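What follows is a single structure, written as structure tokens, with notes after it.
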Protein chains: 2
Amino acid sequence: MAKCIFCKMVDGEIQPEVVYEDEDILAIRDANPQSPTHVLLIPKEHIATTNDLDDRNVDIVGRLYLAAKQVAADEGIAERGYRMVMNCNPEAGQSVYHIHLHLLGGRPMNWPPG
Amino acid sequence: MAKCIFCKMVDGEIQPEVVYEDEDILAIRDANPQSPTHVLLIPKEHIATTNDLDDRNVDIVGRLYLAAKQVAADEGIAERGYRMVMNCNPEAGQSVYHIHLHLLGGRPMNWPPG
């Protein structure tokens, strides 16, 4: 199976603008930003969708949120507010089949969320 | 400090329609649904915002996603797709200051997510 675009970034075959990185997580700016801050938090392990999550992945999903909290603080939007979004499968508009948490902020967000 | 509405539900002082429950998580239908399925997954522990998360909460945040996966399957939308949203602070439109994961599906979701 061809390597997905996020795995290519993790492996250094594509060099995105990295805003946060640790042993297990990479965070990059979205190529089509929908708000002044729009960052994608990506586990380095390839997990296709949230339907593929099991007990083994609980920790990494939780740590995506700690990373999002850190990036929101770095971007100066932690107190104003920020939205975190994860899409699963076609009706949600999942674009890359490697789970990623969208972090959006820097403007008031509307409701419904899409 | 007054008990928040979700803590009142956890303590049985208010009885919502529960769609999922385990030792640490309660899931209920949103009172103002924005899609055919609109469920809130709530940790029983009171955590005001995602800015209050730390290493101690990694596990519960991850397990909200496993619960969302289960509810999506129960609702018959796992394969079609579903969106998960968490709001932090005013610009994101956080309504109750006790973290909760919105699970939305049953219709195509739009972009941007609000």
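Proteins come first, then strands; the chains are lettered A, B, ... in the order of their sequence lines, and each starts at number 1. Predicted, not measured: the structure shown is a model, and the values here were computed from it.
- One hydrophobic cluster, built from ILVMFWY side chains closer than 4.5 Å, holds both V58(A) and L66(A).
- A single hydrophobic cluster is seen to contain both I14(A) and I42(A), as judged by linkage of ILVMFWY side chains at heavy-atom distances under 4.5 Å, directly or through other members.
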Legend entry - Derivation and outcome, side chain to side chain contact (heavy atoms under 4.5 Å, CB included), residues T50(A) and Y82(B): CA-CA 10 Å; T50(A) 53; Y82(B) 54 97; 2.8 Å; yes

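- Between the side chain of N89(B) and the backbone N or O of A78(A), at least one donor-acceptor pair lies under 3.5 Å.
- Of the listed residues (D59(B), N32(B), N57(B)), the one with the most heavy-atom contacts under 4.5 Å to chain A is D59(B).
- Of the atoms belonging to L53(B), heavy atoms from both backbone and side chain fall under 4.5 Å from chain A.
- By the rule that hydrophobic residues join a cluster once side-chain heavy atoms approach within less than 4.5 Å of another member, Y65(A) and I99(A) end up as members of one cluster.
- The residue among A73(A), G81(A), C88(A), G105(A) with the most heavy atom pairs within less than 4.5 Å of chain B is C88(A).
- P112(B) and R107(A) get closest at one heavy-atom pair: CB-NH2, 4.1 Å.
- With a threshold of 4.5 angstrom between heavy atoms, D55(B) approaches chain A through its backbone and through its side chain.
- Between the side chain of K69(B) and the main chain of N51(A), a donor-acceptor pair closer than 3.5 Å is present.
- One hydrophobic cluster, built from ILVMFWY side chains closer than 4.5 Å, cannot hold both L41(A) and L26(A); they sit in different ones.
- In this structure, no portion of Q94(B) lies under 4.5 Å from any heavy atom of chain A.
- The most heavy-atom pairs under 4.5 Å with chain A, out of R63(B), H38(B), E79(B), come from E79(B).
- When each of P108(B), G93(B), A72(B) is checked for heavy-atom pairs under 4.5 Å with chain A, P108(B) comes out on top.
- Linking ILVMFWY residues whenever their side-chain heavy atoms come closer than 4.5 Å, directly or via other members, places L64(A) and L103(A) in the same cluster.
- In this structure, the portion of L101(B) lying under 4.5 Å from any heavy atom of chain A is its side chain and not its backbone.
- A donor-acceptor distance shorter than 3.5 angstrom exists from the side chain of R83(A) to the backbone of A92(B), with no hydrogens or angles considered.
- Ranked by heavy-atom pairs under 4.5 Å with chain A, the first of M86(B), M109(B), H102(B) is M86(B).
- For chain B, the option among V61(A), I77(A), N87(A), I60(A) with the highest count of heavy-atom pairs below 4.5 Å is N87(A).
- Neither the backbone nor the side chain of Q70(A) comes within contact range of chain B; no heavy atoms are under 4.5 Å apart.
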